[in-house]
Number of protein chains: 2
Amino acid sequence: MAPKKSPRPSARDRILAAASQLFYQEGVQNVGIDRIIAESGVAKMSLYNHFKSKDALIAAYLQQRDETWGKQFQEKVEGLATEPREQLLVIFDVLQDWFKEPAFRGCAFMNAAIELADREHPGTQVSLRHHQLIYDYILDRVRAAEFPHPEVLAQQLMILVDGAIMVAFMDQQPEAAQRAKQAASALIAATSISAASISATSTTATSTLQ
Amino acid sequence: MAPKKSPRPSARDRILAAASQLFYQEGVQNVGIDRIIAESGVAKMSLYNHFKSKDALIAAYLQQRDETWGKQFQEKVEGLATEPREQLLVIFDVLQDWFKEPAFRGCAFMNAAIELADREHPGTQVSLRHHQLIYDYILDRVRAAEFPHPEVLAQQLMILVDGAIMVAFMDQQPEAAQRAKQAASALIAATSISAASISATSTTATSTLQ
DNA sequence: TTGACAATAGACAGATCTGTCTATTAGTTT
DNA sequence: AAACTAATAGACAGATCTGTCTATTGTCAA
């Protein structure tokens, strides 16, 4: 389907490439169709022949990013560690590499969900699904590592991932990844040692304080 | 300065109230000036007499929210706990109450920073400063509780706060606050027991895996 | 009462944005 | 060569948005 020898990518691919660049860098609401056709060197009608509206293009951009970004992320993690327990930790090393990129501007999916401000928007739907997929990926590894209460630990790690992204973005602090990794390490250690007692303690503290 | 007995707030206050509502609920870029003047029942010229541009209004909205929201948050935390160590934990209880509000739509400051996509925008500047203030608040308490490596723990707690907000928003899951609280509890416990060894362990793991 | 000032309604200009239409050109297949 | 398809440039309509201008009304103090 994709052209193999053509020196120039298809119109559709060029549109998606330009949209991906601009939408991520400046936000889906801050980039107009005209910018995208100028950047991709494509006629406006070509864009509207491939995507029926800007909203559809936004959804396609996120869909494509979900696939390529998710696959790359997974490959990097699995290239750094084989054991599920280690994989959960190297996630944060992969994150840090990402945070260090000059073009890093937070999570494209969170950004889109916030910008679109409409849970029914197709772009938001893709973003929410992506968020779930990341959670599933973490949960799979927590289960494989046979930690007790896998959902609890997976949710905590998910919070660390999202939090690291936001801190790295807001404070321009790639080291947030290492802070999150240390925290993840401590959580995993605490869970391994005595999940029941830790959980009980914090639950008690919770109800007491609330 | 603010009218005390007048049944109707001043034009400026009504503008800020309407802007606050709409900007937070739908995003600063998705709400036009016309919506705000309609909602506040104010003439367009009144708005531009009080704020020299929409960007200035956005900055004022965030500035005002920084003050009122920050103060309320602080009061709630301090109403629930007096000891710094406890205060660090009840932060997450206060967060959960917030997450449960039907109008909850994430952090107004992160949202604005993402939407504006320009670190030089006055609204972004207010947002970044707000983020720093929250960090300082946490750091103060970590220091007061005399934990070792206060910056490390404070950054980790900050990551948990931001992460809880994003997970609560994306997955519409107010319970993220309790997951984060449990994690905070475990981190604090780990730090108290043996900060040096934990830190050394995770650092070793890090360099090994990287 | 009069004068100063603030607020009002609404028209308006100018910019920008999405999406459509048209007429033309290039490339591929039969 | 002919026919079909895909892409092009760019004008255009229609909507929306920010910010300005004007002419009028209300309010309060001197």
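None of these values were measured; they are calculated from a predicted model. Every chain is numbered from 1 and lettered A, B, ... according to where its sequence line falls, protein lines coming before strand lines. The figures that follow rest on heavy atoms only: side chains count, while hydrogens, waters and symmetry mates do not.
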Contacts to DNA chain D from residues 25-44 of chain A, heavy-atom cutoff under 4.0 Å, which residues?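 The stretch gives Gly41(A), Val42(A), Ala43(A) as the residues lying under 4.0 Å from the strand, ordered by number.
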Do Arg65(B) and Tyr61(B) meet the cation-pi criteria used here (NZ or CZ under 6.0 Å from the six-membered ring centre, within 45° of the axis)?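 No, a cation-pi geometry is absent between Arg65(B) and Tyr61(B).
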Within 45 degrees of the ring normal and closer than 6.0 Å to the centroid, is that where the cationic atom of Arg129(A) sits relative to Tyr135(A)?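 Judged by the rule, Arg129(A) and Tyr135(A) form no cation-pi pair.
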Could you tell me whether a side-chain N or O of [X] sits under 3.5 Å from a main-chain N or O of [Y], the two making a donor and an acceptor?
X: Gln156(A); Y: Arg179(B); value: yes
X: Tyr24(B); Y: Gly106(B); value: yes
X: Asp118(A); Y: Glu120(A); value: yes

Check the orientation of Phe104(A) and Phe99(A). Use parallel for under 30°, tilted for 30 to 60°, and perpendicular for over 60°.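 Rings of Phe104(A) and Phe99(A): tilted, 30 to 60°.
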Earliest and latest nucleotide of DNA chain D, 5' to 3', sitting under 4.0 Å from a non-hydrogen atom of chain B?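 First and last nucleotides in contact are dT18(D) to dT22(D).
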Might you point out which heavy atoms bring Ala184(A) and Leu89(A) nearest each other, and give the distance in Å?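 Heavy-atom minimum between the residues: CB-CD2, 4.0 Å.
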